[in-house]
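Predicted, not measured: the structure shown is a model, and the values here were computed from it. Letters go in sequence order (proteins before strands), and every chain restarts at 1. The figures here come from the full heavy-atom set of this structure, side chains too, leaving out hydrogens, waters and symmetry mates.
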Number of protein chains: 2
Amino acid sequence: MTITQLYYVLAVAEQQNFTKAAEKCFVTQPTLSMQIQKLEDQLDVQIFDRSKKPIELTEVGKKIVTQARNIVNESYRIQDIVDQQKGFIGGEFKLGVIPTIMPTLLPMFLKTFIKRHPKVKLKIEELTTEEIISRIKDGHLDAAIAATPLEDENIKERVLYFEPFVCYIPKNHKLFGKQNIDSTDLEIDNMLLLEDGHCFRDGVINLCKVFKNHIDDKFQLESGSIETLIKLSNEGLGMTLLPYLHTLDIREKEKENLHFFNDPPPAREVSIIYHKSELKMQIIEALQDVISGIIRGAIAFQDVKIISPIPK
Amino acid sequence: MTITQLYYVLAVAEQQNFTKAAEKCFVTQPTLSMQIQKLEDQLDVQIFDRSKKPIELTEVGKKIVTQARNIVNESYRIQDIVDQQKGFIGGEFKLGVIPTIMPTLLPMFLKTFIKRHPKVKLKIEELTTEEIISRIKDGHLDAAIAATPLEDENIKERVLYFEPFVCYIPKNHKLFGKQNIDSTDLEIDNMLLLEDGHCFRDGVINLCKVFKNHIDDKFQLESGSIETLIKLSNEGLGMTLLPYLHTLDIREKEKENLHFFNDPPPAREVSIIYHKSELKMQIIEALQDVISGIIRGAIAFQDVKIISPIPK
DNA sequence: AATTTGTAATAAATAAAAATTATAATAAAA
DNA sequence: TTTTATTATAATTTTTATTTATTACAAATT
């Protein structure tokens, strides 16, 4: 049994297709077929059920894949140990970012990070919190930036900053007259929200829920981007909530529609999250350092009230 | 990086000698040297400090060895998964047994076990509790039979039976006249004990301690085997305590010297212990079944007072 | 100081294994 | 039925691991 064989097994299990798996491994299809056959012969057990249309794992196969993933991941850790020892910060690093953080945070820290750590090959992907969690667990992401706390025992979190919510209230809205908004003023069925799967949406719902025990399932309108949300709001379709960093680069005219919360403002906790195995910890710490440093200048709220990002 | 390379590294780390490690791996010395060099080249780090007299691990080397042990052990688990799936009970199994259990328990279950599980190649070794714990942790033992509880978070225990202590009191001893002994009668500085490192000794000391807070460090006499203990006792050198199973095959004449404790008698808990990773669990369960079945007929005490085997 | 001994490294040759190219076999889809 | 998609097999090449033989080196012994 070799690590390579296990890696091939993982690829086939993932792609459910020898040919595609072979491409992903940068070898030809017969190589994969033969190595996997060899492993199956040695173990004297079928890992894959090749009779099924898209290839399936056998029952033992599933257990073997789980264990193979362990072994392959643990093998990466050896290079990690060496890097850590040398203080080397480099190599490929896959970072996930949730959509409502991506456009505001990324431009702020990316240039600085790349300049400071030129050997790191950052691969950034925009993903929902749910996708992020599953990809951190299966090793497809090294870390991610998301709203926390997530309360997942396999995932560790390091808080980067707290980002207050700001109300965006169009002129025709009944709350427009109020200078400062209180959380108790919010009404969920009067609010434009992001579509399902965005944790920012869940955060807002939780915020409203704090004061209203039940919510109607019929929300007025839902959108995929905060940019759209603002436009819809401008059309007089309702108020909405924006994460503070988004308010920094909206048009001057629209700034008039911003209303801040009374102290302490509700806020989301934004963290860098990673698998509990702490692989590539040097890079995670490097990211944390850069982002914390950058954000320190941008957000200056002291006391905030943290809203959970998980649907409850 | 291959599992084989990691295995070679472990062998050299253990033997502190390339030549001996090569023998243990059934390859020639240049094979080992080259594979380890190759790994060191790939990682671009020295794992071994070859300038030191018996070869030493570098600082990174130590961390790599720890991780390599993980990976190699986890790779064994794949065969384990297959065996478990097939209900196959076989292969080499290394069992440790503490000295005070070895001579009495082994003859009772060994024949039955071998008959019932002929494919298992049992390798039994007599070891002290301390040695057992360290060897279970480093993977040199698959399981062991020892007095418990050990309170070690890396080791799991399954109780096999409770074995009461029986007093062995020579005729000239002041307690000889008493038919049934009470724990409070025991005096540590009046007791023949096994030499240091035997947990049965620690158990006895704990038992005496229950009623006397301090013990003199000058014990009367210490011996390496229970057989000797009995002989010394016969010479009038003091009383001693025997585990119940030992009393089943002593000479008729000596049986007169046995005095049982009042209920509930002090006893030791005997368990099969194994690493928390639960490798080769089928064989461990098979052992447990056989031993529990055999012992059920031999020991019939209900209520016992368990004495800890750990020095306190 | 020279020699022996124990031990690891190196070189060249061999054996073994992995990977490739080319092709066949198979099953599902058109 | 033919096409398409996909995996298996065969023969060949490339790569890698292993071996044998030898060298290098340091410590211990003479």
Side-chain angles (χ1 to χ4, degrees), chain A residues 1-62 64-65 68 71-72 75 78-79, chain B residues 1-62 64-65 68 71-72 75 78-79:
Chain A
M1 183 196 327
T2 68
I3 296 175
T4 309
Q5 285 171 346
L6 299 179
Y7 186 75
Y8 290 166
V9 168
L10 291 184
V12 174
E14 191 170 296
Q15 306 289 324
Q16 297 193 295
N17 178 312
F18 276 70
T19 313
K20 286 176 193 158
E23 279 168 30
K24 230 206 72 179
C25 295
F26 304 107
V27 291
T28 58
Q29 168 265 314
T31 301
L32 230 82
S33 287
M34 295 198 72
Q35 284 308 112
I36 287 177
Q37 263 181 54
K38 204 177 143 189
L39 181 61
E40 287 180 325
D41 285 354
Q42 274 178 9
L43 296 175
D44 193 30
V45 81
Q46 286 285 110
I47 298 173
F48 296 102
D49 181 349
R50 294 154 170 86
S51 72
K52 297 282 169 56
K53 173 51 211 185
I55 266 180
E56 268 180 33
L57 284 165
T58 60
E59 279 310 302
V60 224
K62 287 179 193 163
I64 290 176
V65 161
I71 295 171
V72 170
S75 80
I78 286 191
Q79 183 61 59
Chain B
M1 182 195 327
T2 67
I3 296 175
T4 310
Q5 285 171 346
L6 298 179
Y7 186 75
Y8 290 166
V9 168
L10 290 184
V12 174
E14 191 170 297
Q15 306 289 323
Q16 298 194 295
N17 178 312
F18 276 69
T19 313
K20 285 176 193 157
E23 280 168 29
K24 230 204 72 177
C25 296
F26 304 106
V27 291
T28 57
Q29 168 263 314
T31 301
L32 230 82
S33 287
M34 295 198 74
Q35 285 306 112
I36 287 177
Q37 263 181 55
K38 204 176 144 188
L39 181 61
E40 286 180 326
D41 284 354
Q42 274 177 9
L43 296 174
D44 194 28
V45 81
Q46 287 285 112
I47 298 173
F48 296 102
D49 181 348
R50 295 153 170 86
S51 72
K52 295 284 169 53
K53 169 63 208 252
I55 264 180
E56 268 180 31
L57 284 165
T58 60
E59 279 310 303
V60 225
K62 287 178 194 164
I64 290 175
V65 161
I71 294 170
V72 170
S75 78
I78 287 191
Q79 182 62 60

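- Within 6.0 Å of NZ in Lys20(A) there are 12 or fewer heavy atoms belonging to other residues, nucleotides or ligands.
- Relative to the side chain of Pro30(A), the nucleotides dT6(D), dA8(D), dT7(C) differ in distance, and dA8(D) lies closest.
- With hydrogens and angles ignored, a donor-acceptor pair closer than 3.5 Å exists between the side chain of Gln29(A) and the base of dA8(D).
- For the pair Asp49(B) CG and dC25(D) P, the computed distance is 17 Å after rounding to whole Å.
- Spacing between atom CD of Gln15(A) and atom P of dT7(D) amounts to 11 Å, rounded to whole angstrom units.
- Contact check for Asp49(B) versus Leu57(B): no side-chain heavy atoms found under the 4.5 Å cut-off.
- Residue Leu32(A) contributes atom CG, which lies 13 Å from atom C1' of dT20(C) at whole-angstrom precision.
- Within the 4.5 Å cutoff, no side-chain heavy atoms of Thr4(A) are placed close to those of Thr2(B).
- As rounded to whole Å, 12 Å separates atom P of dA28(C) from atom NZ of Lys52(A).
- Residue Met34(B) has its side chain nearest to dT19(D) when only dT19(D), dA8(C), dT20(C) are considered.
- Taking atom CZ of residue Phe18(A) and atom P of nucleotide dA27(C), one finds them 16 Å apart after rounding to whole Å.
- Here Phe48(A) lies out of heavy-atom contact (under 4.0 Å) with every strand.
- In this structure, the CZ atom of Phe26(B) is 14 Å from the P atom of dT18(D), given to the nearest Å.
- The number of heavy atoms from other shown groups lying within 6.0 Å of CE (Met34(A)) does not exceed 12.
- For Thr28(A), no side-chain nitrogen or oxygen approaches OP1 or OP2 of dA19(C) to under 4.0 Å.
- Spacing between atom CG of Asn17(B) and atom P of dT7(C) amounts to 5 Å, rounded to whole angstrom units.
- Taking side-chain N and O atoms only, Thr19(A) has a distance below 4.0 Å to OP1 or OP2 of dT7(D).
- Remark on DNA chain C: of its neighbouring residues Ser51(A) and Gln35(A), the 5'-side contact belongs to Gln35(A), judged by nearest-heavy-atom nucleotide.
- As the counterpart of dA11(C), dT20(D) is assigned, both hydrogen-bonding distances of the Watson-Crick or G-U wobble pattern falling under 3.5 Å.
- Using a 4.0 Å cut-off, some side-chain N or O of Thr31(A) falls inside it from OP1 or OP2 of dT20(C).
- If you measure from atom CD of Gln16(B) to atom C1' of dT7(C), you get 14 Å, rounded to the nearest angstrom.
- In this structure, the side chains of Ile78(B) and Ile71(A) come closer than 4.5 Å at one or more pairs of heavy atoms.
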